[in-house]
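Read through the structure below, which is laid out as structure tokens, and then see the notes.
Since the structure is predicted, the reported quantities are computational estimates derived from the model, not experimental observations. Atoms within each ligand, like the ligands themselves, are counted from 1 in listed order.
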Amino acid sequence: MAEARRWELAGHRRLGKGKGKVVGVVVLDGWGEAAPDPFNCIHVADTPALDALKKGAPERWRLIKAHGTAVGLPTDDDMGNSEVGHNALGAGQIYAQGAKLVDMALASGKIYEGEGFKYIQQCFDKGTLHLIGLLSDGGVHSRIDQLQLLLKGASDHGAKRIRVHILTDGRDVLDGSSVRFVEMLENDLAKLRDKGVDARFASGGGRMYVTMDRYENDWQVVKRGWDAQVLGEAPHKFQNALEAVKKLREDPKANDQYLPPFVIVDERGSPIGPIVDGDAVVTFNFRADRMVMLAKALEYENFDKFDRVRFPKIRYAGMLQYDGELKLPRHFLVAPPEIERTSGEYLARNGIRTYACSETVKFGHVTFFWNGNRSGYFNPNLEKYEEIPSDIGIPFNEQPKMKAVEIAEKARDAILSRKYDQVRVNIANGDMVGHTGDIEATIIGCKAADDAVKIILDAIEQVGGIFVVTADHGNAEDMVKRDKSGKPLRDEDGNVQPLTSHTLNPVPIAIGGPGLQPGVRFRSELPSAGLANVAATVMNLHGFEAPDHYEPTLIEVVDK
Ligand SMILES: O=C(O)[C@H](O)COP(=O)(O)O
Ligand SMILES: [Mn+2]
Ligand SMILES: [Mn+2]
């Protein structure tokens with residue numbers, strides 16, 4: 001029973017002596033393992049530091065699972081992602097994640113019995129139900145099949161007027177797939193209209209340009225969405241969403257991720273679905289990071305991030321509650337996973353001093369996600385979290401080195417200061433540049449990530465410390481869409497179809513450093529281990545046994 005568990009960790013039987021040595025924990029974002037291939041940017045890039053880890057000590061390098069049920073996703077066809085990946089890395093336990101919890105609530109119908117649904121339902125008589133979110137089957141932030149079920153369920157439960165505000169994807173799914181998803185949903189909306197429900201698309205835009213910013217990197221992204229969704233204002237106006245997406249994609253530089261905002265208008269040119277007093281709003285993404293900013297704009301009375309012009313009196317619910325600490329939003333359709341007793345909390349309660357750092361676009365990954373979707377410190381006297389501002393307003397293939405070296409230099413300084421027992425970073429390049437689909441740029445990004453790793457490992461060497469280098473899921477190791485036999489798919493002009501999404505590949509984990517006892521090696525009897533096994537491993541390296549309810553440690557100590 002959780003309440004009977006103690007917070008105090010027992011000293012490790014063999015590694016207790018390791019206590020007091022600094023442990024550097026490096027998470028390479030979007031860094032999977034795949035066969036050598038011209039579209040494996042990690043393989044093509046010059047990565048001497050990581051190559052040395054792989055070739056140097058076979059007992060201290062292995063692969064671990066980073067996708068599907070190993071990280072709490074519904075099936076093993078689900079690729080990994082940062083949220084579930086960092087949750088597993090930090091929590092040491094596998095929780096059923098948002099995607100699965102929503103599936104279960106929809107399948108059982110419990111979603112319609114909950115407080116959140118009842119709250120918004122009160123607007124159905126007189127107001128409009130607005131559904132805002134990412135339209136794709138990527139399964140990272142949302143899933144179209146869940147939206148389809150929710151649409152039907154909401155209308156069965158009394159919604160008479162529904163407006164859908166879409167964000168096109170092209171990041172977790174192939175670029176150009178927006179057209180197919182709009183067609184699919186238009187079909188559903190048409191069926192609802194046949195049944196007498198006034199259900200239509202109202203606005204849209206590409207996820208990276210409209211609404212789905214994260215960690216307050218660029219509020220203008222949220223403002224563009226607000227203008228379209230709430231005010232009914234956008235530079236582009238169309239009478240239907242399919243035409244909108246097709247037309248906007250005709251610009252040779254256009255892609256789904258960055259489509260400009262548009263609104264759907266009637267014959268007279270008036271927007272058909274601005275959000276007004278008395279309406280209900282649901283943000284149907286289950287994943288938190290890219291919904292928190294919009295949730296704040298929709299919910300906070302006092303708000304100064306941009307001029308909202310109007311702040312309609314609505315009833316708003318998230319698909320999940322996106323931030324348990326902030327209780328944001330107050331109302332939600334499905335309770336989020338309650339990730340408890342994370343390694344961050346255990347270590348803080350056992351006196352471990354931690355420094356965590358990344359650049360803005362991944363800052364919450366090594367803090368908020370790592371700590372079980374919890375903002376803030378466990379113990380401000382022992383922890384310091386530092387954010388390096390990311391470049392804003394440019395796609396990352398234009399600056400593929402990102403802030404890798406700056407993050408590594410911060411980590412180096414933290415290590416050399418000897419003020420911390422754990423120094424944890426996320427290096428973003430493999431993922432953020434990988435998502436652009438730009439192979440040349442991703443190769444440059446991977447090299448920059450390797451440079452960063454070298455800086456950190458050198459610092460660990462200097463202080464006699466220990467390192468753990470791993471990743472949260474794959475991305476840069478496979479940058480092309482393939483047929484079933486694994487051959488890259490090409491279009492009529494012979495161009496390959498870039499793969500912007502994450503992958504199902506395992507990720508590497510390497511341990512080492514002068515502070516690691518000679519007999520420490522990876523156990524051989526855990527072939528299916530995954531990211532959730534890392535927390536117990538890191539606790540051991542700090543000189544502690546892990547709690548019994550954690551997934552087992554990856555390491556053992558043999559006599560040397
Ligand atoms: O939000 C994103 O950028 C992608 O959908 C997923 O990437 P992440 O899981 O690595 O953040
Ligand atoms: Mn990631
Ligand atoms: Mn990613």
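Under 4.0 angstrom from ligand 1, there are no non-hydrogen atoms of Asn475. At a heavy-atom distance under 4.0 Å, no atom of Met212 approaches ligand 1.
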Side chain to side chain donor-acceptor pair (under 3.5 Å) assessment of Asp29 paired with His473 | CA-CA 7 Å; Asp29 212 294; His473 52 75; 3.3 Å; yes
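The two residues Thr47 and Ile42 make their nearest non-hydrogen contact at OG1-O, 3.9 Å. Residues Pro400 and Asn429 share a closest heavy-atom pair of O-ND2, 2.8 Å. The nearest pair of heavy atoms linking Ile94 to Val71 is CG2-C, 4.1 Å. Residue His67 comes nearest to Gly80 through the heavy atom pair CB-N, 3.5 Å, listed as atom of the first residue, atom of the second, then distance.
The protein non-hydrogen atom at the shortest distance from atom 10 (O) of ligand 1 is Ser82 OG, 2.4 Å. With respect to atom 5 (O) of ligand 1, the closest heavy atom belonging to the protein is Asp172 OD1, 2.7 Å. Remark: minimum distance from atom 2 (C) of ligand 1 to any protein heavy atom is reached at Arg207 NH2, 3.1 Å.
Residue contact annotation: His365 has a non-hydrogen atom under 4.0 Å from ligand 1.
Distance alone, capped at 3.5 Å, places no donor-acceptor pair between the Gln422 side chain and the Ala356 backbone. With hydrogens and angles ignored, the 3.5 Å screen pairs a side-chain donor or acceptor of Arg290 with a backbone N or O of Met212. For the pair Thr283 (side chain) and Ile132 (backbone), a donor-acceptor distance under 3.5 Å is absent.
At a cut-off of 2.8 Å, Asp431 is counted among the residues with an N, O or S atom near the Mn ion (ligand 3). The Mn ion (ligand 2) has no N, O or S atom of Asn475 closer than 2.8 Å. With 2.8 Å as the limit, His473 does not count as an N, O or S neighbour of the Mn ion (ligand 3).
Taking the N/O/S atoms of Asp472 in turn, the shortest distance to the Mn ion (ligand 2) belongs to OD2. Within Asp29, the N, O or S atom at minimum distance from the Mn ion (ligand 2) carries the name OD1.
Counting only heavy atoms from C-beta outward, the side chains of Met208 and Arg171 approach each other to under 4.5 Å.
Heavy atoms of other residues, nucleotides or ligands lying less than 6.0 angstrom from OH of Tyr209 number 12 at most.
No N or O atom of Asp289 sits closer than 3.5 Å to an N or O atom of ligand 1. The shortest N or O to N or O distance between Arg290 and ligand 1 is below 3.5 Å. Checked against a 3.5 angstrom limit, the closest N/O atoms of Asn81 and ligand 1 fall outside it. An N or O contact shorter than 3.5 Å links Arg214 to ligand 1 by distance.
Which parts of ligand 1 touch Arg171 is read off a 4.0 Å heavy-atom cut-off, strictly below it: atoms 2 (C), 3 (O), 4 (C). Counting atoms of ligand 1 from 1 in the listed order, those under 4.0 Å from a heavy atom of Lys362 are 8 (P), 10 (O), 11 (O). Near Asp29, meaning under 4.0 Å from any of its heavy atoms, are these atoms of ligand 1: 10 (O). Of all the atoms in ligand 1, the ones that sit under 4.0 Å from a non-hydrogen atom of His141 are 1 (O), 2 (C), 4 (C), 5 (O).
Within the cation-pi definition used here (under 6.0 Å to the ring centroid, within 45° of the axis), Arg374 does not qualify as a partner of Phe368.
Once rounded to the nearest 0.5 Å, the distance linking CG of Asp450 with CD1 of Ile427 reads 10.5 Å.
With the Mn ion (ligand 3) at the apex, His435 NE2 and His502 NE2 define an angle of roughly 90° (rounded to 10 degrees).
When the heavy-atom distances from atom 11 (O) of ligand 1 to Arg287, Met432, His502, Glu83 are ranked, the shortest goes to Arg287.
Taking the six-membered ring for Trp and the full ring otherwise, the centers of Phe396 and His435 sit at least 6.0 Å from each other.
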